[in-house]
Amino acid sequence: MARSTDATGTDLLRVDDELDEEERLVRDTVRRFAAERIMPHIADWFEAGTLPRDIVPELGQLGLLGMHLTGHGCAGLGPVAYGVACRELEAADSGLRSLVSVQGSLAMFPIWKFGSDAQKDEWLPRMASGQALGCFGLTEPDHGSDPSSMKTAARRDGSDWILNGTKMWITNGGIADIAVVWAGTEQGIRGFLVHRGARGFTTRNIHKKMSLRASVTSELHFDDVRLPADAVLPGVTGLKGPLSCLSEARFGIVWGVTGAARSCLEAAIDYATTREQFGRKIGAFQLTQAKLAWMLADLQRAQLLALRLGRLKQAGKITPEQVSLGKMANVRSAIDIARQARTILGANGITLEYPVIRHANNLESVLTYEGTEEIHALALGQALTGLSAYR
Ligand SMILES: Cc1cc2nc3c(=O)[nH]c(=O)nc-3n(C[C@H](O)[C@H](O)[C@H](O)COP(=O)(O)OP(=O)(O)OC[C@H]3O[C@@H](n4cnc5c(N)ncnc54)[C@H](O)[C@@H]3O)c2cc1C
């Protein structure tokens, strides 16, 4: 009997029918790019722990870097188009989506939102084209979920700033041309633009990662780095600066992880309909079908949630609590789907010949970064009860 999802793939509810023409064009373009340029190599890149730098200008040419920002060479597309792009990139690999999220939402967004005209002119066009790569330094070795306790500090010396401290787990850190670094000052937390090569600024890549291997993750070290007065982002003071960037990037995660989950479900369906045991396709066993059915239900719920958040953002109505709900729930759904898919693939589920274990491992990082599952639960708990349980 024919597979009844053939017409819509795994999109039984036809969620993608809600996309407009431009959003569909973005979907198809990014899906084709991922199929042709990324998928043939991604298992090798993951195994080698690398993502070639020459991918960055290609992403720029496609208009994917800072695509939801306007002016300065950015594509100026809507939030759903941005979300769909994240989904199709993460269907290939979370490392690739992370690079695009960090560039657009964590490095370009603060310059676009809080930067001076000179900072925007200097950096945004080059970052949109992929000539320059950025990173976002908030987390420190001893301060992750609680960035308000950060130790990295900048003090004035005449009109200059002197920056000292260490940032940890910084995506793109070792290959970035410009670091957006958040540091304590007398006035509160400020954002600084630190050029690669600034005297006293060194980076060290983190190795032995078992997750997000096709992504550079680094430690940034600042030892009396002298910065000119115009290195500070003039438009924001306080933790709301980095938190607003994170809200932008988390929105991309809400969408992105549905791509990883879809890839896992598709791999599981392919495997279940070809692999035979006990003289039958394993997809003919009721237990396997129940797993697939729940994976589909989880995936479609996650896709609907992403779309709803996208339309809220488009209408200018999205709140940080809504983004927390999406990040928490969709990453959890994606992890559950990846783990179920892994069981269906049996021993083959642990090899890089199939995408499933790569996605499952990647999603462990996505669960933790940009607010852990627990921190988003606390944000929602506070929204529901009015009581803060952070401390
Ligand atoms: C691959 C990767 C890439 C990353 N990229 C970046 C980047 O580009 N820039 C950047 O700045 N950071 C980045 N990070 C860091 C990431 O944001 C932090 O790891 C994250 O915020 C959690 O901090 P932590 O690891 O120090 O964990 P901790 O904060 O030490 O938390 C450990 C555990 O304690 C729990 N916990 C903490 N506080 C509470 C509480 N109040 N109540 C209940 N539970 C609590 C946490 O939920 C978690 O389960 C990256 C991390 C990874 C793994």
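Both counts, for ligands and for their atoms, begin at 1 and track the order of listing.
To the nearest 0.5 Å, atom CG of residue L89 and atom CG of residue L64 are 6.0 Å apart. The NE2 atom of H359 sits 14.5 Å away from atom OH of Y354, with the distance rounded to the nearest 0.5 Å. Note that the CG atom of L292 and the CD atom of Q289 stand 7.5 Å from one another [nearest 0.5 Å]. Within the model, atoms CG of D16 and CG of L307 stand 8.5 Å from one another, a figure rounded to the nearest 0.5 Å.
Regarding atom 25 (O) of ligand 1, its nearest protein heavy-atom neighbour is T368 CG2, 4.3 Å. Here the protein heavy atom with the shortest distance to atom 39 (C) of ligand 1 is I375 CD1, 4.0 Å. Counting protein heavy atoms only, atom 41 (N) of ligand 1 is closest to Y390 O, 2.9 Å. Remark: minimum distance from atom 36 (N) of ligand 1 to any protein heavy atom is reached at S145 OG, 4.5 Å. In this structure, atom 49 (O) of ligand 1 lies nearest to the protein heavy atom E374 OE1, 3.4 Å. Protein heavy atom in closest approach to atom 26 (O) of ligand 1: G144 CA, 3.3 Å. The protein heavy-atom contact nearest to atom 12 (N) of ligand 1 is T139 OG1, 2.7 Å. The nearest heavy-atom contact from the protein to atom 3 (C) of ligand 1 is T171 OG1, 3.3 Å.
Polar contact check, S365 against ligand 1: no nitrogen or oxygen pair lies under 3.5 Å apart. The shortest N or O to N or O distance between F136 and ligand 1 is below 3.5 Å. Geometrically, ligand 1 and W169 share a nitrogen or oxygen pair separated by less than 3.5 Å. In terms of N/O distances under 3.5 Å, ligand 1 is not approached by T217.
Between the side chain of Q382 and the backbone N or O of A389 there is no donor-acceptor pair closer than 3.5 Å. Q103 contributes a side-chain N or O that, together with a main-chain N or O of G134, makes up a donor-acceptor pair within less than 3.5 Å. Remark: side-chain polar atoms of S94 are not paired, donor with acceptor, to backbone N or O of E90 under 3.5 angstrom.
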Given E374 and T372, is the side chain to side chain donor-acceptor pair (under 3.5 Å) satisfied, shown in steps? CA-CA 5 Å; E374 293 79 4; T372 65; 3.3 Å; yes

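Residue L304 qualifies as enclosed at atom CG: its count of foreign heavy atoms under 6.0 Å is above 12. Around the CD atom of E21, the shell of radius 6.0 Å holds no more than 12 heavy atoms that belong to other residues, nucleotides or ligands.
Within ligand 1, the atoms closer than 4.0 Å to a non-hydrogen atom of I170 are 7 (C), 8 (O), 9 (N), 10 (C), 11 (O), numbered from 1 in the order shown. Close contacts between ligand 1 and L212 involve ligand atoms 1 (C) [criterion: under 4.0 Å to a heavy atom]. Ligand-side atoms of ligand 1 in range of L378: 40 (C), 41 (N), 42 (N), range being under 4.0 angstrom from any heavy atom. Within ligand 1, the atoms closer than 4.0 Å to a non-hydrogen atom of L138 are 11 (O), numbered from 1 in the order shown. Listed by atom number, the atoms of ligand 1 under 4.0 Å from T372 heavy atoms are 22 (C), 46 (C), 47 (O). Close approach of ligand 1 to Y369 is summarised as follows: ligand atoms under 4.0 Å from at least one heavy atom of the residue are 2 (C), 3 (C), 4 (C), 16 (C), 17 (O), 50 (C), 51 (C). Applying the 4.0 Å criterion to heavy atoms of E370 picks out, from ligand 1, the atoms 17 (O).
Distances from atom 33 (C) of ligand 1 to the protein include no heavy-atom value under 4.0 Å. For atom 47 (O) of ligand 1, a protein heavy-atom neighbour is present inside the 4.0 Å cut-off. Within a 4.0 Å radius of atom 10 (C) of ligand 1, the protein has at least one heavy atom. Shown here, atom 30 (O) of ligand 1 is out of close reach of the protein: none of its heavy atoms lies under 4.0 Å off.
Checked against a 6.0 Å centroid threshold, the rings of W161 and F192 count as neighbours.
Using modelled atom types and a 3.5 Å distance limit, the side chains of S105 and Y82 yield a donor-acceptor pair.
One hydrophobic cluster, built from ILVMFWY side chains closer than 4.5 Å, cannot hold both Y369 and L220; they sit in different ones.
Here the side chains of W112 and T70 are in contact, with some heavy-atom distance below 4.5 Å.
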